[in-house]
Amino acid sequence: MKYISISLFQKVVNYARLEGMKTLDFDGLPTSIDMMGKLNAVPADHFFELHERVDQHLKPGFSVRVGQQMKVEDYGVLGLSWKTCSWAGEIFDRSERYFKLLSNTYVFRVKHQENTSFIYLERDPYRRGVALSNEATFSATVVVLKAITESDISPVRVSFKHQPPMQLDSHQQVFNCPILFDQPENYIAYTAEDLAKRTIRADLSINKFLVERVEEETKGIQVSSSKLAQDTELLIKDALPGGIPGIDQISRHMGMSSRTLTRRLGENSVTFRELVKKSQREISEELLRNSRLSIGEIAYKTGFSEQSAFNRAFKKWTGYPP
């Protein structure tokens, strides 16, 4: 079954209410809005029908306006993984891995051509609601990229397979670039330079360790091996939502070679692999005790691609299933 997370369904309902829709306006939907607090997901066509209902009641352009209301936190574990990206365009790599937590109707494909990167959304607008949802997706892409880079980057072109709406005022304000309709593909395009922008969180995390390495060399000292192990563990925990990091990735962030990091950790009688397992176990135990995340979500947050692999690892660590 094709599905959409209830969080996205609820976002559309709540913003439609802010724009003037009444509870009675939602009557007759196959998924009642009274059920939102009891569901984790809805059939995809129910979500598309919601978009169509809203489009009938509110002024044109609601789809791109609701996209602008999306926040990174609204995407759950997917949003958490975006926060650990090192550069803006990396969110599309993360989306390929994580979007199934929100929906199995989105397929993203990135193509680089000279100085432009095209992000294709492979979802055919077989009904009006899909077309509206595609518009909302690209609108949300704009706001998310601005948020994680804290810059005013904008696309250079947007393309949709469906026909143009009657009015384009909201679209032009949101995308601020040429908008094409009746095209062979759905895509949003950015300059390669903009998608290579560093994210704010990544800069803060990496710079902290680079500054420490510079101070070490300036003063002719080295931080203790135990402090280095703690620093390494923090970076591992920061990276886990995007998948299990390799030692090359972490050592590069710390301004040293992987061989040097291995040697320095060995001075504290610990290996990089042990720190990864320790980090995964500590995060998973904390979340199982003190959060409402599902086991599947915790598995992704600790770097596992499948819940079954997490279940096996957790039982090996503790002797018990999660």
Side-chain angles (χ1 to χ4, degrees), residues 1-13 15-16 19 21 25-26 28-31 41-70 74-75 78 91-92 95-96 99-111 116-145 154-190:
M1 183 188 78
K2 298 296 185 181
Y3 61 86
I4 301 284
S5 167
I6 195 65
S7 63
L8 299 182
F9 186 94
Q10 193 165 21
K11 192 79 176 186
V12 173
V13 170
Y15 193 65
E19 287 209 355
M21 283 187 68
D25 296 331
F26 297 101
L29 287 173
T31 294
V42 299
D45 277 328
H46 294 194
F47 179 69
F48 300 143
E49 186 167 338
L50 170 64
H51 262 292
E52 293 163 357
R53 178 72 64 89
V54 173
D55 189 53
Q56 294 170 2
H57 282 80
L58 300 177
K59 63 182 181 179
F62 173 84
S63 57
V64 293
R65 294 194 299 277
V66 73
Q68 290 291 286
Q69 302 306 308
M70 295 302 295
D74 292 329
Y75 292 93
L78 176 64
I91 72 168
F92 302 109
S95 295
E96 183 178 354
F99 225 104
K100 62 185 177 182
L101 291 174
L102 292 178
S103 175
N104 58 354
T105 69
Y106 295 82
V107 177
F108 294 98
R109 175 169 55 89
V110 181
K111 182 179 180 181
T116 305
S117 296
F118 297 84
I119 299 92
Y120 293 91
L121 174 58
E122 297 180 353
R123 189 165 65 162
D124 287 328
Y126 62 87
R127 59 183 293 177
R128 175 67 174 157
V130 181
L132 294 167
S133 180
N134 289 348
E135 292 181 358
T137 298
F138 283 162
S139 174
T141 298
V142 172
V143 76
V144 166
L145 285 175
S154 295
V156 295
R157 189 159 65 253
V158 178
S159 168
F160 294 106
K161 298 177 75 171
H162 60 273
Q163 295 180 349
M166 296 294 293
Q167 296 180 24
L168 284 174
D169 293 349
S170 294
H171 296 69
Q172 291 168 344
Q173 183 178 357
V174 166
F175 295 118
N176 192 32
C177 70
I179 310 168
L180 310 176
F181 292 90
D182 288 323
Q183 299 298 305
E185 302 277 2
N186 300 307
Y187 68 76
I188 185 168
Y190 281 85

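The shortest heavy-atom contact between Ile4 and Ser103 is CD1-OG, 3.1 Å. Here the closest non-hydrogen pair linking Arg123 and Ser133 is NH2-OG, 2.8 Å. Taking both residues in full, the closest heavy atoms of His171 and Val64 are given as CD2-CG1, 3.8 Å, listed atom of the first, atom of the second, then distance. Closest heavy-atom contact between Val144 and Tyr75: CG2-CE1, 4.1 Å. Taking every heavy atom of both residues into account, His51 and Val12 meet most closely at NE2-CG2, 4.0 Å. In plain terms, the two heavy atoms of Val158 and Cys177 that are nearest each other are CG2-SG, 3.8 Å.
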Stepwise side chain to side chain contact (heavy atoms under 4.5 Å, CB included) test for Leu121 and Thr137: CA-CA 9 Å; Leu121 174 58; Thr137 298; 4.1 Å; yes
Glu49 vs Arg127, side chain to side chain contact (heavy atoms under 4.5 Å, CB included): CA-CA, chis, key distance, verdict: CA-CA 9 Å; Glu49 186 167 338; Arg127 59 183 293 177; 3.6 Å; yes
Step-by-step side chain to side chain contact (heavy atoms under 4.5 Å, CB included) determination, Asn186 to Phe138: CA-CA 9 Å; Asn186 300 307; Phe138 283 162; 4.2 Å; yes
Trace of the side chain to side chain contact (heavy atoms under 4.5 Å, CB included) decision for Gln68 with Val142: CA-CA 8 Å; Gln68 290 291 286; Val142 172; 4.2 Å; yes
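A distance of 14.0 Å separates CG of Leu132 from CZ of Arg53, quoted to the nearest 0.5 Å. Distance CZ/Phe160 to CD/Glu135: 5.0 Å, rounded to 0.5 Å. The distance from atom CD of Gln10 to atom OG of Ser7, rounded to the nearest 0.5 Å, is 8.0 Å. One distance of note links CG of Leu50 with OG1 of Thr31; it measures 9.0 Å at 0.5 Å rounding. Atom CG of Leu102 and atom OH of Tyr3 lie 8.5 Å apart (nearest 0.5 Å). Rounding to the nearest 0.5 Å places CD1 of Ile188 at 12.0 Å from CG of Asn134.
Glu52 places a side-chain N or O within donor-acceptor distance of the main-chain N or O of Gly129, the cut-off being under 3.5 Å. Judged purely by atom type and a 3.5 angstrom limit, Gln183 uses its side chain to pair as donor or acceptor with the backbone of Phe181. Counting only distance, with no hydrogens or angles, the side chain of Asn104 and the backbone of Met1 share a donor-acceptor pair below 3.5 Å.
Put simply, the side chain of Asp55 does not reach to within 4.5 Å of the side chain of Ser63, judged on heavy atoms. Counting heavy atoms from C-beta on, the side chains of Gln172 and Ile179 come closer than 4.5 Å. Put simply, the side chain of Leu145 reaches to within 4.5 Å of the side chain of Tyr190, judged on heavy atoms. You'll find the side chain of Arg65 reaches within 4.5 Å of the side chain of Lys59, heavy atoms only. No side-chain heavy atom of Val13 sits under 4.5 Å from any side-chain heavy atom of Met21.
Using a 3.5 Å distance cut-off with no hydrogens or angles, the side chains of Glu19 and His57 do not pair a donor with an acceptor. Side-chain atoms of Ser159 and Glu185 form no donor-acceptor pair, as typed in the model, at a separation below 3.5 Å. Remark: the Tyr187 side chain and the Arg109 side chain contain no N/O donor-acceptor pair separated by less than 3.5 Å.
Ring geometry for Phe108 against Tyr106 counts as parallel: the plane angle stays under 30°, on a 0 to 90° scale with 60° as the upper cut. Using a 30° and 60° split on the angle between ring planes, Phe48 and Tyr126 fall in the perpendicular class, above 60°.
Applying the 6.0 Å contact sphere to CD of Gln163 captures no more than 12 heavy atoms from other residues, nucleotides or ligands.
Ring centroid separation for the pair Phe62 and Tyr15 comes in under the 6.0 Å cut-off.
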